Amino acid sequence: MSKKLPKRNENYSEWYQELVIQADLAEHSAVSGCMVIKPYGYGIWERMQQILDQKFKETGHQNAYFPLFIPKSFLSKEAQHVDGFAKECAVVTHHRLKNDPNGKGVIVDPDAKLEEELIVRPTSETIIWHTYKKWIQSYRDLPLLINQWANVVRWEMRTRLFLRTTEFLWQEGHTAHATQEEAIAEAKQMLEVYADFVENTLSIPVIKGVKTENERFAGALETYCIEAMMQDGKALQAGTSHFLGQNFAKAFDVQYLNKNNQLEYVWATSWGVSTRLMGALIMSHSDDDGLILPPNLAPIQIVFIPIYKTNEEYAEVMDKLESIADLLKSEGFRVKIDNDDSKRPGWKFAEWELKGVPLRFSLGPKDLKNHQIEVFRRDTKEKSFIPIENIVSNYISMLLNDIQKNLFNIAQNRLKERTIYVDSYQEFKNSLDNDCFVMAHWDGTTETELLIKEETKATIRCIPLDSPFEEGKCVKTGKPSQRRVLFARAY
RNA sequence: CGGGAUGUAGCGCAGAGGUAGCGCACUUGCUUGGGGUGCAAGAGGUCGUGGGUUCAAGUCCCGCCAUUCCGACCA
């Protein structure tokens, strides 16, 4: 009764903000634009980390860690790169405080000014490529496949929990290769890793594509991306993988001797996903009762609620629940028994629904007598009574897989139904106003792209990799076009 | 950087010159327990901050600070 979420169809962004807070995922901190990620929210992020980290290792990458601070001069070595980030950098200018001579508190010690300012990393290409120069001399040093889990800071004008915060957590892969082909293959491979993770772990269908020149990462030759559709029809970039060419190798003078004893610049990629995925997760699946977590991701897949009056009943019910939970735990399921005596069952039902746990099993004296257990599915809200002896690994796996698949199917149907192919500018605008993605022809110029953005707030999310050759006319200018691109309003 | 809103108990809010309030949460006891139990008794406050008006200021006036929402910005 104390907690009530706003309805999605009344105020989507308020619903989102409230859900993040009420489901105990994160809250605003004392620092403007920065959030505190609470244990439950962080637990979900840790699951993402574990699964991705394993995929990175399986594809040959190793983790390392580079400094939080970047000397100012590093950032300006790659011209496009500094242009892209200069406006949102936090800068460290001093290294000491002292007592305020005029009274209470402390002041920045003017005598402690840094010789060269330090930038709090908005991304680590520069510091990493500076380091790679020392690590790479020979073709035998390549490929160099490194990932880092880190925090970065981008001083954005406007922030929203998980979707855009001043400081956020992410991983950034930075690889160096002997050839262009190999680097492009790496960038594409990591895009596939992301797409696989987002679709099969987060149950969110994505569109794979490349960015237009205008939307490309600062310093990249090609930016591959995966785009997802949220329930309100807006797009969310869920991950990017960049082919950086030799830009950073040249900026930081990273060359290697090939087998013919010739010096060559190395080829680079970088790729990343962030805590923004939490936002994608929430806005893809959740409903007016709270979060809905796909089972492959959920930190808790099954919560058990004991129902009882007397101590004897409690002992009996708990005895049974513990034996079931222990069995499932030993088979690798993530389970929790909520035996908090200070909360009543109804309260717990609502609470775990708010937190999105895929399955809830309740067991009380009546069930014990009937040798059954109540099973509740968070995604469909179906309740059923199952014979206790049926609660075995195969059955649970089947149920969890079904939920996982169901969430994906719902999201995929939404994406299909709301991706509209249009050939006129009027249809284009109408479809956007109906919260849809739009596949339309575009003349390939940044001018047209910006004009459309100005008039409709829609951007080209990507040129889908599977977009077939098709003669057509630009939806805005009527100039010739060879394929459709994906337009949408975006987060 | 524009526009709006808000700063009062842990949280959410009311109070619009004259004794600091309500709901939730918290503590204690009983009750209840299969969809956010009910009752009772408690504990908890420099009313964001600095100045001004007044016999008297959460309350009116001016400044400042902070947060937040909507835009602009956003590889």
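Note on naming: letters A, B, ... go to the chains in the order of the sequence lines (proteins, then strands), and numbering restarts at 1 for each one. Keep in mind the model is a prediction, meaning the values are calculated, not measured.
With salt bridges taken as basic N to acidic carboxylate O contacts below 4.0 Å, none links A/K7 and A/D287. In this structure, A/E227 does not pair ionically with A/K234, as no charged nitrogen and carboxylate oxygen lie closer than 4.0 Å. Under the 4.0 Å criterion applied to side-chain N and carboxylate O atoms, A/D402 and A/R377 are assigned as salt-bridge partners. Between A/K250 and A/E78 there is no salt bridge, since no side-chain N of the basic residue sits under 4.0 Å from a carboxylate O of the acidic one. With salt bridges taken as basic N to acidic carboxylate O contacts below 4.0 Å, none links A/E222 and A/K211. By the 4.0 Å N-to-carboxylate-O rule, A/R378 lies too far from A/D289 to be salt-bridged with it. Electrostatic pairing of A/K72 and A/E116 does not count as a salt bridge here, judged by no charged N lying under 4.0 Å from a carboxylate O.
Picking from B/rG36, B/rG33, B/rC73 the nucleotide with the shortest atom distance to the side chain of A/L354 gives B/rG36. Across B/rG35, B/rG33, B/rG36, the shortest atom-to-atom separation from the side chain of A/K383 is found for B/rG35. Checking B/rG34, B/rG33, B/rU37 against the side-chain heavy atoms of A/Y308 singles out B/rG33 as nearest.
The separation between A/F168 atom CZ and B/rC74 atom C1' is 11 Å, rounded to whole Å. As a whole-Å value, the separation of A/K348 NZ from B/rU37 C1' is 14 Å. Note: CD (A/E88) to C1' (B/rC73) measures 9 Å, nearest angstrom. Nucleotide B/rU37 holds its P atom 9 Å from the CH2 atom of A/W347, rounded to whole Å. Between A/I307 atom CD1 and B/rU37 atom C1' there is a gap of 15 Å when expressed in whole angstrom units. Here the P atom of nucleotide B/rC73 and the OH atom of A/Y491 are 17 Å apart, to the nearest Å. For the pair A/N311 CG and B/rG33 P, the interatomic distance rounds to 15 Å; values are reported in whole Å. Whole-Å rounding puts the A/D340 CG to B/rU37 P distance at 13 Å.
Evaluation of atom-type donor-acceptor distances gives a pair under 3.5 Å for the side chain of A/D341 against the base of B/rG33.
Nucleic acid contact class of A/K355 (heavy atoms, under 4.0 Å, all strands): none. Across all strands shown, A/G364 has heavy atoms under 4.0 Å from base atoms, whether or not it also approaches the sugar-phosphate. The residue A/K366 sits close to a base: some heavy atom pair falls under 4.0 Å. Contacts of A/R360 with the nucleic acid, taken as non-hydrogen atoms under 4.0 Å apart, include base atoms. A/P365 comes within 4.0 angstrom of a base, heavy atoms only. Counting non-hydrogen atoms under 4.0 angstrom, A/F376 reaches a base of the nucleic acid. Residue contacts shown for A/E27 are absent, as no nucleic acid heavy atom lies under 4.0 Å away.
Every pair passing ring pair (Phe, Tyr, Trp, His ring centres under 6.0 Å) that includes a residue from residues 10-37 of chain A is listed here, sequence neighbours excluded: A/Y12-A/W15.
In this entry the base of B/rG58 is syn relative to its sugar, with a glycosidic angle within 90° of 0. In this structure B/rA16 sits in the syn conformation; its chi angle is within 90° of 0.
B/rA5 sits 23 Å from B/rA9 when the C1' atoms are compared, rounded to a whole Å. Separating the C1' atom of B/rU46 from that of B/rG58 is a span of 12 Å, rounded to the nearest Å. Nucleotides B/rC24 and B/rA16 are separated by 26 Å at their C1' atoms, to the nearest Å. B/rG3 and B/rG38: their P atoms are spaced 47 Å apart (whole Å). Separating the P atom of B/rG2 from that of B/rC60 is a span of 26 Å, rounded to the nearest Å. Using C1' as the reference atom, B/rC11 and B/rG7 are 14 Å apart when rounded to the nearest Å. Taking the P atom of each, B/rG63 and B/rC47 are spaced 22 Å apart, rounded to whole Å. Taking atom P on both B/rC62 and B/rU68, the two are 26 Å apart, rounded to the nearest angstrom.
Other residues, nucleotides and ligands contribute at most 12 non-hydrogen atoms within 6.0 Å of the CD atom of A/E454. Residue A/K208 qualifies as open at atom NZ: its count of foreign heavy atoms under 6.0 Å is 12 or below.
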Check the interface with nucleotides 10-13 of chain B: list each N/O to N/O pair with the protein under 3.5 Å, or write none.
none

Nucleotide N/O to protein N/O under 3.5 Å, stretch nucleotides 68-71 of chain B:
from	atom 1	to	atom 2	distance (Å)
B/rU68	OP1	A/H28	ND1	3.2
B/rC69	OP1	A/Q17	OE1	3.2
B/rC69	OP1	A/Q17	NE2	3.0
B/rC70	OP1	A/S13	OG	2.9
B/rC70	OP2	A/R158	NH1	2.6
B/rC70	OP2	A/R158	NH2	2.1
B/rC70	O5'	A/R158	NH2	3.4

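When the nearest nucleotides of RNA chain B are assigned to A/R344 and A/N214 by heavy-atom distance, the more 5′-ward of the two goes with A/R344.
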Should A/I70 and A/L118 be marked as a side-chain contact (heavy atoms from CB on, under 4.5 Å) after you check the CA-CA gap, both sets of side-chain angles, and the distance that decides it? CA-CA 5 Å; A/I70 297 174; A/L118 296 171; over 6 Å; no

Please test A/L221 against A/L244 for side-chain contact (heavy atoms from CB on, under 4.5 Å), starting from the C-alpha separation and ending with a verdict. CA-CA 5 Å; A/L221 296 190; A/L244 301 174; over 6 Å; no

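With sequence neighbours excluded, no residue satisfies side chain to side chain donor-acceptor pair (under 3.5 Å) with A/E322. Taking the salt bridge (charged side-chain N to carboxylate O under 4.0 Å, His left out) definition, one finds that A/D319 meets it with nothing, sequence neighbours left out.
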Encoded 5' to 3' (Watson-Crick or G-U under 3.5 Å; [ ] crossing; | other strand), RNA chain B becomes ((((((((.[[[[.)..(..]]]].(((((.......))))).....[[[[[..)....]]]]])))))))....

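Note on A/K453: a side-chain N or O is less than 4.0 Å away from OP1 or OP2 of B/rC74.
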